[in-house]
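Notes for the one structure printed next.
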Amino acid sequence: MSYTLTTPLYYVNDRAHLGSTYTTLACDAIARHRRLCGDQVHFITGCDEHGQKIQRTAEAAGLTPQAHCDFISAAYRDLWSRWQISNDRLIRTTDPRHRQLVEQFFARVEASGDVVEGRQQGWYCVACEEFKDDAPGAEDPECSIHQRPLEWRDEVNLFFRLSRYQAQIEELIARPGFVQPASRRREVENFVAQGLRDFSISRIDLPWGIPVPGHPGHTFYVWFDALLGYLTALLEPDEPVVLEQILQRGWPAQLHVIGKDILRFHAVYWPAMLLSAGLPLPERVFGHGFLTREGQKMGKSLGNVLDPVVLLERCGRDAVRWYLLRDIPFGDDGDFQQQRFSDLVNNDLANTIGNLLNRTSSMARRWFAGGVPPAGAGADPAHPLALAAQEAADRGAAALEALDFRTAAEAVLSLAIAANGFLNERAPWSRMKQEGQSEVVAADLYAVLEATRWVGVLLAPLLPELSDRMLQQLGQESFESGTEASSSPATASPEAASTAMAATAWQAAQQWGRLQPGLELPEPSPVMGRLELDSPL
RNA sequence: GGCUCGGUAGCUCAGCUGGUUAGAGCGUGGGAUUCAUAACCCCAAGGUCGGGAGUUCAAGUCUCCCCCGAGCCA
């Protein structure tokens, strides 16, 4: 199965912040999960690089817009690579190929009769790149969002006839799974219910944009151009730009993950544009919440922005991923709290999970010839830990499907807690001192090792690196959940490829009793260090 | 100004169509244990459920008003 998901195309007005990192990490977890399940994943991210705001930012920095965009988008590319994001594509809207695609798309929209000329007169916010419908009649109106002066514009623009799609959009957003989380649906419904108005899709006298074919002086409005980046990204980098080809390359997308502030563009404008162009619609749009820091909005004026690069260097990928995914309900706003961050990482990852592996492996090695003990009753599929493992797997998979990372993380964690509890209850260390208990201890330790292996397996989409380290210490191969699809037809065996039911390595690993008795185990060393943050991040 | 969502233990949150002593994890305090990364396991304290009024035999859960936060639209 093909699975296409996207992050927003980030606006290159400034460098990446924690918010975009958060979005991207979440998408990465989904992408990895789908790959582990055998889907052919198209995980798209990118940069939105046009518009007057960019032009002015570049000017202010003494750069050409292109140089500015090159610089910022390179920083994004570098950031995602540092975070080991498994995106398949990183599209830039200044890519010449994108321009070709936009032109083809526009031709279709125009052919549908959805492009009309209209006069746009009013106050304009450059930061929003939007006209403000109802600016106060005052002398110097300001944008309520940016607190910046509005500029008076009076121009002839091209309009997209959004109003023609009223009924279809209403039908779309009424679909149960389309706008997510469901709590955001009404907001969109009300907006649509007010009556959709045509919106302008071009600007005049704005050189930093894609020229509108057949309309000299006009460039495309940034949003019109940016949304289309999702399509351009799907095309193979070396194939000719032919819009129709996206249908062979993974369109429609299964999922657009976005911040809650741009829901309207994705749930209303975007589908209408696609309808006009005669293209299928994405399956769901998920608007996640925003992050604050220690209860305050992050912003340059407050000087409290958390730099993702700093965060990464000081704390590591696993720690940050875990905290963001495990503690903040995706969809709700969340607060980044340093104390809580280190508490959770140390508790869950270092103590509960890391120490579980460490103590178990250490006992097994000491008492059973340096490796995995004979399984005995420990391999029984009805073993309490086997049941716990299966439950964790089921709960985790369902949660990931629902983009409920928190529950997915808790499911894995609960398995580790169950295993720790089991150990304390069975106390192999004291049983080992008694005569004739060796077999029981062997079975107990086997079961706990096996449960620990499952923890490593189930962690793969969420924390690929910790998962790898755990599996290594258990003498297991790690999974390829990164950019190389583990189930790509080229590498899979012919039988596997022909059998639709063939399980991936990851799915096969979720079978109780897979751990080989007698397998030698490497000397355990902590898979997750404790986070000691003595100063503010 | 209008719309939407949220305001439940110190912190992050569960609490479905209203119904026994409001739950979990973290944090805090205590206990147990020694295999292990001062880790693991067990127990406990902690909340007039943002405020006010109302509906009801019964409200965190429904209605209205107000306050606070976030987003959208003006």
Side-chain angles (χ1 to χ4, degrees), chain A residues 122-123 128 130-136 141 143-145 179 181-197 258-268 287-292 294-297 323-324 326-368 404 406-407 409-410 413-414 416-433 441 444-445 448-449 452 473 523-532:
Chain A
W123 293 101
C128 298
E130 273 190 315
F131 281 91
K132 296 288 153 181
D133 290 349
D134 179 48
C143 168
S144 55
I145 298 170
V179 174
S183 57
R184 291 236 154 79
R185 189 155 100 210
R186 192 153 329 173
E187 181 181 317
V188 182
E189 279 173 353
N190 290 350
F191 174 75
V192 175
Q194 289 171 14
L196 295 176
R197 289 187 289 175
I258 55 171
K260 62 181 180 180
D261 55 333
I262 53 174
L263 235 191
R264 197 175 92 240
F265 292 98
H266 286 78
V268 179
H288 69 70
F290 291 157
L291 296 178
T292 52
E294 312 293 346
Q296 287 191 303
K297 224 168 180 171
Y323 175 61
L324 294 178
R326 129 101 219 231
D327 200 42
I328 294 163
F330 202 57
D332 294 359
D333 288 345
D335 192 34
F336 190 103
Q337 298 178 343
Q338 184 163 330
Q339 185 62 51
R340 187 168 173 78
F341 169 44
S342 64
D343 281 346
L344 282 185
V345 167
N346 291 343
N347 263 289
D348 300 344
L349 264 27
N351 299 350
T352 302
I353 292 178
N355 182 52
L356 169 67
L357 171 58
N358 203 267
R359 68 194 295 214
T360 312
S361 169
S362 152
M363 284 186 276
R365 280 164 46 90
R366 181 170 313 162
W367 301 322
F368 296 95
D404 181 357
R406 162 187 264 254
T407 300
E410 273 172 3
L413 197 58
S414 70
I417 289 171
N420 273 318
F422 180 81
L423 270 183
N424 282 54
E425 193 184 307
R426 307 289 295 175
W429 47 90
S430 51
R431 217 178 272 262
M432 226 20 221
K433 294 171 187 155
V441 173
D444 287 348
L445 286 183
V448 177
L449 277 172
T452 308
Q473 288 204 24
E523 184 174 347
S525 76
V527 283
M528 187 71 201
R530 295 173 62 82
L531 217 46
E532 308 287 355

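Throughout, protein chains are lettered first and strands after them, A, B, ... in sequence-line order, and every chain is numbered starting at 1.
A salt bridge is absent between A:Arg340 and A:Asp335; no separation between the charged side-chain nitrogens and carboxylate oxygens falls under 4.0 Å.
Looking at A:Asn355, its side chain has no donor and acceptor atom pair within 3.5 Å of the base of B:C40. Within 3.5 Å, no donor on the side chain of A:Arg184 pairs with an acceptor on the base of B:C5, nor the reverse.
The side chain of A:Arg326 has B:G25 as its nearest neighbour among B:G25, B:G71, B:C3. Distance from the side chain of A:Glu187 is smallest to B:U4 among B:G27, B:U12, B:U4. Counting only heavy atoms from C-beta on, A:Asn424 has its side chain closest to B:C41 among B:C35, B:G27, B:C41. Side-chain proximity of A:Gln337 to B:C11, B:C40, B:U4: nearest is B:C11. In this structure, the nucleotide among B:G71, B:C35, B:C13 sitting nearest to the side chain of A:Arg406 is B:C13.
The P atoms of B:G46 and B:A9 are separated by 15 Å, rounded to the nearest whole Å. Here the separation of B:U4 from B:G19, taken at their C1' atoms, is 31 Å to the nearest Å. Taking atom P in both B:A14 and B:G50, the straight-line distance is 13 Å, to the nearest Å. A gap of 26 Å separates the C1' atoms of B:G7 and B:U21, to the nearest Å. To the nearest whole angstrom, the two C1' atoms, one in B:C67 and one in B:G23, are 28 Å apart. B:U12 and B:G6 are spaced 14 Å apart, taking the C1' atom of each and rounding to whole Å. When the P atom is used for both B:G31 and B:A22, the distance is 29 Å, rounded to whole Å. To the nearest whole angstrom, the two P atoms, one in B:G18 and one in B:G10, are 29 Å apart.
Base engagement by A:Val527 is indicated by at least one non-hydrogen atom pair under 4.0 Å involving a base atom. Base contact: A:Pro526 has a heavy atom under 4.0 Å from a base atom. Looking at heavy-atom distances under 4.0 Å, A:Pro524 makes no contact with the nucleic acid at all.
For B:G71, neither phosphate oxygen OP1 nor OP2 lies less than 4.0 angstrom from any side-chain nitrogen or oxygen of A:Arg186. In terms of phosphate contacts, A:Lys260 brings no side-chain nitrogen or oxygen within less than 4.0 Å of OP1 or OP2 of B:G6. For A:Asn347, a side-chain nitrogen or oxygen approaches OP1 or OP2 of B:G27 to under 4.0 Å. Applying the 4.0 Å criterion to OP1 and OP2 of B:U37, one finds that A:Asn351 has every side-chain N and O outside that range. At least one side-chain nitrogen or oxygen of A:Arg530 sits closer than 4.0 Å to the OP1 or OP2 atom of B:A39.
Using a 90° window around 0 for the glycosidic torsion, B:G46 falls inside it and is classed as syn.
Listed for the A:Arg184 side chain is a donor-acceptor partner under 3.5 Å among the backbone atoms of A:Gly287.
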